[in-house]
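Atoms within each ligand, like the ligands themselves, are counted from 1 in listed order.
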Amino acid sequence: MTGRVGIGLDIGGTKVLGAVVDDAGAVVDEHRVPSPTGEWRGSGSSQGLFDAIVATVTELRARQPEVTTVGIGAAGMVDLDGAIHYAPNVPAFRSTPVRADVEAAIGLPTVVDNDANVAAYAEARFGAARDMSDAMVITLGTGIGGGVVIGGKVLRGAHGFAAEVGHFQIDPHGPMCACGERGHWEAMASGTALGVMARAAAHRGELATVVTAVGGDPDAVHGPDISTAGRAGDAEALAVIDAYAVNVAIGLVGLANIFDPGVIAIAGGLVNDGELFLGPIRKHFIGHIEGATYRPVPEIVPATLGERAGVIGAAILAMDQHPVA
Ligand SMILES: [Zn+2]
């Protein structure tokens, strides 16, 4: 470590999280702009989001004047010049030259990449995929984000749009995805999808204990209620978790058959429940991966950097791409 520090931002549909990160991956300062109503998601206003980005960088730079770079991880399809073309869950981003606009407003070298790519970069440098040349980092949240590390580098593709794993089609007749196609992996295996599956089970008359616990309305059942009941050993909740784990595992198997990762790190809130989700996911993954008994099977482990993976990876990526002379 040289003592160098840079700014990292993680931008999603409902918040901007900013941090000052040192070149050993430690967060030394933090600033968060919450948007609890999800205003960027609803309004489609890129100006409000851009203002929040600039305000966050300006605040952090005032507190830590020695920063020399800005890295941004943003949801959606980010091209190789840091323009965001399309983000299903953030309508504020449509053909928006975020890198160029932020760099012009701030005056510091700026790098923009997909949020899942920068999270994968962080996990590969400092977290669960450290020292692995080939790995996948999959975030199960509102949607599904993925980063694929090949030969120590994050796969970007010809245009920057590689590893949009959430929009990998699992079932052409499956539920509608935020992007307008059916049966994409994130429509079937995101944290959001867990809640959808739970409410469907409740409407079928299953999950009686969970429905009672939330006041009797099947539509009031959400993912965390399933986790709580699952931890208590409720058989019907465990059945929903198992069905959900099948959907997660099917996508992981397809990707692992293509990329042959040494390790698959899973990020997202359900990782906090340890083996409650990871156990069934691992079981179904091993049950379906090609040649399971004749090969080393990729390990499925929890990601270790938590919600700060994005800011850490974005900051480190910007410092790596703009070394000090
Ligand atoms: Zn989709």
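Side chain of Arg182 to main chain of Pro175: no donor-acceptor pair is present (N/O by atom type, distance under 3.5 Å, no hydrogens or angles). For Glu103 (side chain) and Thr110 (main-chain N/O), a donor-acceptor pair under 3.5 Å exists by modelled atom type.
Ion pairing of Arg282 with Glu275 is present here, as a side-chain N (NZ or NE/NH1/NH2) and a carboxylate O approach within less than 4.0 Å.
Both Leu194 and Ile138 are members of a single hydrophobic cluster when ILVMFWY side chains are connected at heavy-atom separations under 4.5 Å.
Ile144 and Glu186 get closest at one heavy-atom pair: N-OE1, 3.0 Å. Smallest separation of non-hydrogen atoms from Ala74 and Ile84: CB-CD1, 3.5 Å.
The count of protein N, O or S atoms under 2.8 Å from the Zn ion (ligand 1) stands at 4, with waters excluded from the count.
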